[in-house]
Novice: 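Quick one: structure below, then a few questions.
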Amino acid sequence: MMAFTVIQKGFAASVQDLGRTGYQRFGMIVGGVMDPPSAKLANWLVANPSSTAVIEYSFMGPTVLFTEDTLFAITGAECRPKLDNRAVGIGRPLLAREGQILSIGGLASGSRGYFAVAGGIDTDPWFNSRSTYERAKQGGFKGRPLMEQDRLPVGRPSSLAAGVMDDPVPEDGWFFSLRRSYQGVQTIRVTLDTLWPRFSAESRNKFLRSAYRVTASSDRMGYRLEGENLSLEHPLELYSEAVTNGSIQVPRSGQPIILLTDHQSTGGYPRIAQVAAVDLPLLSQLPPGSVLNFKKITVLQAEQLFLKQAERLELLQKRVTRKLESLRAGRH
Amino acid sequence: MKIEPFGELAVRVIFGDRIDPVIQQKINQFTAFFDRHPFGGFIEYVPAYTNVVFYYDPRQVIAYGKKDLPAQQQVVDYLLGLLERMAERKKQEKSRRTVHIPVCYGGDFGPDLREVADIHNLSVDEVIAKHSEPEYLVYMLGFAPGFPFLGGLPEELATPRRAAPRVKIAAGSVGIAGRQTGAYPLDSPGGWQIIGRTPLPLFTPDTDPPTLLMAGDLVKFDPITEQEYKRTKERR
C-alpha cells in the first residue's frame, strides 16, 4: 500500500473531501474542504476525480516524507514549497521520488492550502466521506488533525497519473491558477434572508454600506466579524432551524457571524443574509484582518452566478486534463 | 404551508410558527412522503420545529428537469405539487416510536439535581418522578450528532442555565436548560443543569443512522440505580 509520513504537522492540517452530505438531519455537520475549487484543481492536476480526499492546512503547511514515488500537487493559498530544499511550483503536478521530503511552509496570501496526491488520501470512509469530523472524532485520519509520524495511506493513481509519473514532470514554468486576489477590500455578494425586513432600517443600511473586518476568532466553523452593530427592529421569538454555509447570523452582541464549512446543522439566531455560494471559496481564503463589503443580489442572480462558475470550472478541468494527456503522449 | 428561498441552493417549507406536536407530525409525514418521491438534484433535507429545509444542486435540477427555468423555481413547483398530492391522500397517522432511555439520577452523574430541587421547592425524588413521567417528543436533532431537541418538560421543572457553564459535560449527561431537557451525545462544554446520566450512547458512529433518536420519536426516561447504570455500560 502506498503512503507518506508526516514529519511536521503544520497548522490545522486535516484530511478533507467534498463533505459528508445526507446526515445533517441527524445533527451531523457536512464539513469538507473550505475552498472546493482549489481542492478540485489540486485533484485534477494529479488526475484524480474531483471528490478525492486531500490535505487541507491553514497558515502553515505540513512537511511530509514520501516513501514511494508520488505525483502530487499544491493549490490554494500562495506558498514557497521545497522538495528536498529545491524550490518547486504550485498549481502543477510534481513528481517526488521515494525518500524525498516536501516542506510546504508558511502561507503568504490566502489562508488555506491544499495538498493532493495521485490516488488520493485513502483513509477509511465514514458515512461516504473521508472528511475529518473533529468534534465527533470520526472520519479523516483517526478523526483528528494530522500529527507528526502519522502515516497516511494513498490510493491507486489513475492510469493517466501513472502515465505522467513515468518520468519527472518537466519544470518549464507552466501552472494553473484560479486567478484570485485576496488583497484589499473584498466585495461579498449576498442574498437577503427572509428575516431581512425584521432588522431595523438603520441596521439594514449599515449592513450594506459599511465595512466589516474578519476577526481572529474565525475558523472552519465560521468567521466572526467586527463592524457596525446590527439589531432587529423588535425582539423576535425564533426557534432553531436549519442553517447553512454562508448564513450570516446576528447574535445579541450585534456583531455578525458568517457560518462556514464546519457549521452546526441548525441554529437559532436571526439571519440577515446569505453569502452567494459563488463567493464562499474566496471568503474562506480571507485571513483575519481582511475587510469586507456586502453587496445585495437576487436569488436568481446568485443561481446564475453559481451555474456560470460551475461551467468555468468544468472548462478548467478540461484544460488540465488535456495538459496531462499531452505530457503522457510526449513520453510514448 | 409556504415555501421560501434559503439562498440559491435551498428552500424552506414552512408548516407553522410555533412549537406544536401537530406541526412536527405534518413535517414528519411530508418528509416520509418525499422519501418515496425525491427529485433529481436533491441533496438532503433538515427538519426543525416549524419547517424543513431542502438542499439541492441547481446543475442537477436543471439537467434532470427543464433547461429554461431557474432551478429554484423548479424545486418550489415540485414541492408545492407534492404538498398538494399529500393533502389529497387519506390521512395516515404514522404511529410514533417510543425510545426508553435509562437514567441514573443524582450523585456524581447528576451534580445539579439537588439545586434544581431546591429552586422549585421539591424533594430530589419529586424532581426525578416529574422528569421521568412524561413522554417527550423529539422535534429535531441538531447542535451535535444525535442531540435531541425535546418538547414536553413539565413547566414546574423549567430551570435557568447555570451562571457559570462547565468546561466539560460528560457524554450521556441529562440536563435541563430553561424549558428544554435533553441529553449530551458527546463530551461538551455547556451551561445546562445536569441531573443524571444515561449509559446509552446517543451518537452511534458504527450504525446507520448514527444516532439513537430521530425526529418524531417519543422519549421516556426510566430511572435506574448506579448498579444498573454500570451493568448496562459494561454490557455495551
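Protein chains get the first letters and strands the later ones, always in sequence-line order, with residue 1 at the start of each. Note that the structure is a prediction, hence the values are computed from the model and not measured. Only heavy atoms go into these numbers, but all of them, side chains included; no hydrogens, no water, no symmetry mates.
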Novice: Give the member of A:V275, A:D193, A:V299 that has the highest number of heavy-atom pairs under 4.5 Å with chain B.
Specialist: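 Winner by heavy-atom pair count: A:V299.
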
Novice: Establish, yes or no, whether a centroid distance under 6.0 Å links the rings of B:Y55 and B:Y45.
Specialist: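 No, the ring centres sit 6.0 Å or more apart.
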
Novice: Would you mind checking which part of B:A71 comes under 4.5 Å of any heavy atom in chain A, side chain (CB onward), backbone (N, CA, C, O), both or neither?
Specialist: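 For B:A71, the contact with chain A is made by backbone and side chain together.
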
Novice: Mind checking which of residues 243-259 of chain A sit less than 4.5 Å from chain B, heavy atom to heavy atom?
Specialist: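 Residues in range: A:V243, A:T244, A:S247.
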
Novice: Of the backbone (N, CA, C, O) and the side chain (C-beta and beyond), which part of A:F26 lies under 4.5 Å from a heavy atom of chain B, both, or neither?
Specialist: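 Both backbone and side chain.
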
Novice: Please identify, among B:F6, B:F149, B:Y49, the residue contributing the most non-hydrogen atom pairs under 4.5 Å to chain A.
Specialist: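 Among B:F6, B:F149, B:Y49, the one with the most close pairs to chain A is B:F6.
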
Novice: With sequence neighbours left out, what residues match B:F39 under ring pair (Phe, Tyr, Trp, His ring centres under 6.0 Å)?
Specialist: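 With sequence neighbours excluded, B:F39 shows a ring pair (Phe, Tyr, Trp, His ring centres under 6.0 Å) to B:F34, B:F42, B:Y78, given in chain and number order.
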
Novice: Identify whether the distance between the nearest side-chain nitrogen and carboxylate oxygen of A:R112 and A:D35 falls below 4.0 Å.
Specialist: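 A salt bridge is absent here (no side-chain N lies under 4.0 Å from a carboxylate O).
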
Novice: Quick check on the interface: out of A:A136, A:G268, A:A273, who has the most heavy-atom pairs with chain B under 4.5 Å?
Specialist: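 Going by pairs under 4.5 Å, I would pick A:A136.
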
Novice: Charged N to carboxylate O under 4.0 angstrom, B:R18 versus B:D20?
Specialist: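 Here B:R18 pairs with B:D20 in a salt bridge, since their nearest N and O are under 4.0 Å apart.
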
Novice: Go through the atoms of A:A276 and report whether side chain, backbone, both or neither lie under 4.5 Å from a heavy atom of chain B.
Specialist: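 Both the backbone and the side chain of A:A276 come within 4.5 Å of chain B.
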
Novice: Suppose we call two aromatic rings close when their centres sit under 6.0 Å apart. Are A:F207 and A:F294 close by that rule?
Specialist: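 Yes, ring centres under 6.0 Å apart.
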
Novice: Considering only heavy atoms and a distance below 4.5 Å, find which of B:S188, B:P47, B:A144 pairs most often with chain A.
Specialist: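 Top option by heavy-atom pairs under 4.5 Å: B:A144.
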
Novice: Could I get the full list of side-chain hydrogen bond (donor to acceptor under 3.5 Å, both in side chains) partners for B:E44, not counting sequence neighbours?
Specialist: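 A:Q24.
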
Novice: Among the options A:L192, A:I29, A:T194, A:T191, pick out the one with the most heavy-atom pairs lying under 4.5 Å from chain B.
Specialist: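 Top count of heavy-atom pairs under 4.5 Å with chain B: A:T194.
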
Novice: Under a 4.0 Å threshold between the charged nitrogen and the carboxylate oxygen, would A:R130 count as salt-bridged to A:D17?
Specialist: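 Salt bridge absent between A:D17 and A:R130.
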
Novice: State whether A:R220 and A:E134 are salt-bridged, where the test is any N-O pair (Lys NZ or Arg NE/NH1/NH2 against Asp/Glu carboxylate O) under 4.0 Å.
Specialist: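 The answer is no: the pair does not qualify as a salt bridge.
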
Novice: On the 0 to 90° scale, with breaks at 30° and 60°, tag the A:W126-B:F203 ring pair as parallel, tilted or perpendicular.
Specialist: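 Perpendicular: the ring planes of A:W126 and B:F203 meet at over 60°.
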
Novice: Please identify, among A:A277, A:S265, A:S240, A:A310, the residue contributing the most non-hydrogen atom pairs under 4.5 Å to chain B.
Specialist: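 Of the candidates given, the most pairs with chain B belong to A:S240.
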
Novice: Can you confirm whether or not the ring centre of A:H234 sits under 6.0 Å from the ring centre of A:F199?
Specialist: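 No, they do not, as the ring centres are separated by 6.0 Å or more.
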
Novice: With a 4.5 Å cut-off on heavy-atom pairs, point out which of A:Q274, A:R135, A:Q304 contacts chain B the most.
Specialist: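 Looking at each of A:Q274, A:R135, A:Q304 in turn, A:R135 comes out on top.
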
Novice: Quick one: ring pair (Phe, Tyr, Trp, His ring centres under 6.0 Å) partners of A:Y23, sequence neighbours excluded?
Specialist: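 If we apply the ring pair (Phe, Tyr, Trp, His ring centres under 6.0 Å) test to A:Y23, skipping adjacent residues, the hits are A:F127.
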
Novice: Do NZ/NE/NH1/NH2 and the carboxylate oxygens of B:R162 and B:D112 come within less than 4.0 Å?
Specialist: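 The answer is yes: the pair qualifies as a salt bridge.
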
Novice: Give the member of B:V52, B:L186, B:V53 that has the highest number of heavy-atom pairs under 4.5 Å with chain A.
Specialist: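 Maximum pair count with chain A is reached by B:L186.
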
Novice: Please state whether the side chain, the backbone, both or neither of A:Q138 comes within less than 4.5 Å of a heavy atom of chain B.
Specialist: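 Side chain of A:Q138 only, per the 4.5 Å heavy-atom cut-off to chain B.
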
Novice: Does a side-chain N-to-carboxylate-O contact under 4.0 Å join A:R312 and A:E314?
Specialist: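 Salt bridge: no.
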
Novice: Quick check for you: among B:I19, B:I43, B:D17, B:D187, which has the greatest number of heavy-atom pairs under 4.5 Å with chain A?
Specialist: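 Ranked by contacts with chain A, first place is B:I19.
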
Novice: Among B:P5, B:G7, B:G142, B:P210, single out the residue with the greatest number of heavy-atom pairs under 4.5 Å to chain A.
Specialist: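 Sorted descending by pairs with chain A, the first entry is B:P210.
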
Novice: Looking at chain B, which one of A:E303, A:R271, A:M28 has the largest number of heavy-atom pairs inside 4.5 Å, strictly under?
Specialist: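 Greatest number of close heavy-atom pairs with chain B: A:E303.
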
